[in-house]
Structures are given as C-alpha cells and as structure tokens.
Amino acid sequence: MFKHILVAYDGSILSQKALEMALTLAGQNEGKVTILHVIREIGMPQYLVDEYSISHINFEELARKEGERLLQEAENFCKRLNGKVPYELKLLVGDPAKTICQSAESSDVQMIVMGSRGLGTLKGFMLGSVSHKVTQLAKCPVFIVK
C-alpha cells in the first residue's frame, strides 16, 4: 500500500524513530524511502549585515553543510538498520512544512513519516509546529512518531 514514503529528518531522536518506522513500513511493502532534510530559509536584514559587519558569514552555506552532515547520519543509520530498503537523500531549502508537503506531492509519495517534535528553536512545547502544519497541508497520510 505504501510504496513510497517520505521521512522528514532533522537529526532529533524522534526523526530517527520516524526513519526506523518508515524503513520498516517500506520493507513490508517492498517500497522505498525518501529522506528529506529542509534547510529553513534564513533572512538576515541588510541593516544587521551592515551594522554588525557579519556579511562574511555565509549562513546558508553553514546550514547546507549541517544538512549534508545530518543526511549522512541518516544514511549511516539506514545501512546499520536495514540495507535492503532502497532510499534516496534530499536536501532542500524553504519553509520546512511547505517544502515537505510540496516534495511529497511532486514525488508521488503515499505517506509522510515524521517526529512529533524536532530540533526547532523552542524544541516544541506541544505538537511541533512543523509536524502540525504538515498534517494540515499534506495531501497524503501523515504518520507522526512520538
């Protein structure tokens, strides 16, 4: 039934549990998994750049390197856990919830699996804002792991 599953991965314990669940479900259905990390767009007002002379710091490049590190971590986790389920790694930039849903829709994903809370700024004090927004926007089933 679920031949293509997208996992939102941010390196948190719950995203690791979500990845494990996705691999299990995909393995039972001879499916595949897409592991997605979304780099949140960082807008730095020009007056701050000028005022504090931080223009030499490339925040997007730092975030991209961290995203690549997290996807490598996810890939290592996949290899340790189950080498039989095919998977692909994706790194995108944008609003996390919208980007997750757009990626799922454009890739013909049958289900999104994600943790209930991630590594957001407040570390989520209720259902994480990204996971909540994905449940509202997604056009496919969303499996929330706690």
Side-chain angles (χ1 to χ4, degrees), residues 2-26 31-83 85-146:
F2 299 112
K3 293 284 189 183
H4 189 185
I5 300 172
L6 184 140
V7 180
Y9 190 84
D10 66 2
S12 66
I13 296 295
L14 289 175
S15 71
Q16 290 175 358
K17 287 183 177 182
L19 177 54
E20 185 175 358
M21 178 60 68
L23 290 168
T24 299
L25 291 170
K32 66 179 181 175
V33 172
T34 297
I35 304 164
L36 172 64
H37 179 76
V38 179
I39 298 169
R40 189 180 301 267
E41 289 179 307
I42 302 171
M44 185 65 70
Q46 188 61 41
Y47 68 87
L48 283 180
V49 172
D50 294 339
E51 181 74 22
Y52 297 104
S53 300
I54 58 173
S55 60
H56 65 282
I57 300 172
N58 187 335
F59 291 104
E60 187 172 322
E61 184 59 30
L62 291 173
R64 183 169 299 285
K65 285 181 181 179
E66 177 63 7
E68 289 169 357
R69 185 194 69 75
L70 288 171
L71 287 177
Q72 182 62 54
E73 175 185 287
E75 183 170 35
N76 293 338
F77 185 76
C78 288
K79 289 177 180 176
R80 279 194 318 269
L81 188 65
N82 183 347
V85 176
Y87 62 89
E88 68 174 326
L89 306 171
K90 266 188 174 179
L91 183 63
L92 299 174
V93 177
D95 173 82
K98 289 179 182 176
T99 304
I100 290 165
C101 293
Q102 289 167 350
S103 181
E105 193 172 342
S106 68
S107 300
D108 200 28
V109 164
Q110 281 92 38
M111 180 170 39
I112 298 169
V113 180
M114 61 190 306
S116 60
R117 289 190 300 256
L119 295 175
T121 312
L122 300 177
K123 299 211 180 205
F125 50 83
M126 295 188 291
L127 180 65
S129 61
V130 174
S131 56
H132 178 73
K133 195 170 178 183
V134 168
T135 62
Q136 302 301 309
L137 297 174
K139 295 183 179 179
C140 64
V142 179
F143 190 113
I144 303 291
V145 177
K146 290 176 55 171

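Everything numeric here is computed off the predicted structure, so don't read it as measured data.
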> Do the non-hydrogen side-chain atoms of Val33 and Pro86 ever get within less than 4.5 Å of each other?
no

> Give me the atom names and distance for the closest heavy-atom approach of Pro141 to Gln110.
CD-O, 3.1 Å

> Mind listing the closest non-hydrogen atom pair of Ser12 and Ser15 along with its distance?
O-OG, 2.9 Å

> Can you spot which of Ile100, Leu36, Ile39 makes a side chain to side chain contact (heavy atoms under 4.5 Å, CB included) with Leu92?
Leu36

> Give, for atom CD1 of Ile13 and atom CD of Gln16, the distance between the pair rounded to the nearest 0.5 Å.
4.5 Å

> Between Lys133 and Asp95, does a side chain to side chain contact (heavy atoms under 4.5 Å, CB included) hold up when you go through it step by step?
CA-CA 11 Å; Lys133 195 170 178 183; Asp95 173 82; 3.6 Å; yes

> When rounded to the nearest 0.5 angstrom, what distance separates OG in Ser131 from CD in Gln136?
10.5 Å

> Heavy atoms, side chains only, cut-off 4.5 Å: are Val134 and Cys101 in contact?
yes

> For a 4.5 angstrom cut-off between non-hydrogen side-chain atoms, does Tyr9 reach Lys90?
no

> With a 4.5 Å limit on heavy-atom distance, are the side chains of Val145 and Ser116 in contact?
no

> Of all heavy-atom pairs between Val85 and Lys32, which one has the smallest distance, and what is that distance?
CG1-CA, 4.5 Å

> Only counting residues at least two apart or in another chain, list the ones meeting salt bridge (Lys or Arg N to Asp or Glu O under 4.0 Å) with Lys146.
none

> Do Val93 and Arg64 come within less than 4.5 Å of each other through their side chains, counting heavy atoms only?
yes

> Would a 4.5 Å heavy-atom cut-off, applied to side chains only, mark Leu25 and Met111 as touching?
yes

> What residues, two or more places apart in sequence or in another chain, satisfy side chain to side chain donor-acceptor pair (under 3.5 Å) together with Lys98?
none

> My understanding is that only residues two or more places apart in sequence, or in another chain, count here; which of them pass side chain to side chain donor-acceptor pair (under 3.5 Å) with Thr34?
His4, Glu88

> Could you report the tightest heavy-atom contact between Pro96 and Val38, atom names first, then the distance?
CA-CG1, 3.6 Å

> How long is the straight-line distance from CD of Glu73 back to CG of Asp10, given to the nearest 0.5 Å?
9.5 Å

> Under the rule for side chain to side chain donor-acceptor pair (under 3.5 Å), what residues qualify as partners of Glu66, not counting sequence neighbours?
Arg69

> Mind listing the closest non-hydrogen atom pair of Ala74 and Leu19 along with its distance?
O-CD2, 3.8 Å

> Not counting sequence neighbours, list each pair that qualifies as a salt bridge (charged side-chain N to carboxylate O under 4.0 Å, His left out) and has a residue in residues 14-24.
none

> Using the side chain to side chain contact (heavy atoms under 4.5 Å, CB included) rule, take Val7 and His37 through it: C-alpha gap first, then chi angles, then the decisive distance, then the call.
CA-CA 9 Å; Val7 180; His37 179 76; over 6 Å; no

> Hey, what do you get for CG (Leu23) to CZ (Phe77), rounding to the nearest 0.5 Å?
7.5 Å

> Any side-chain heavy-atom pair from Val109 and Ile5 closer than 4.5 angstrom?
no

> Within this structure, what is the NZ-CD distance for the pair Lys139 and Gln102, rounded to the nearest 0.5 Å?
10.0 Å

> Any side-chain heavy atom of Leu6 sitting closer than 4.5 Å to one from Ser107?
no

> Taking only residues two or more places apart in sequence or in another chain, which ones pass side chain to side chain donor-acceptor pair (under 3.5 Å) with Gln72?
Asn76

> Provide the closest heavy-atom pair for Leu70 versus Gly11 in the form atom of the first, atom of the second, distance.
CD2-CA, 3.8 Å

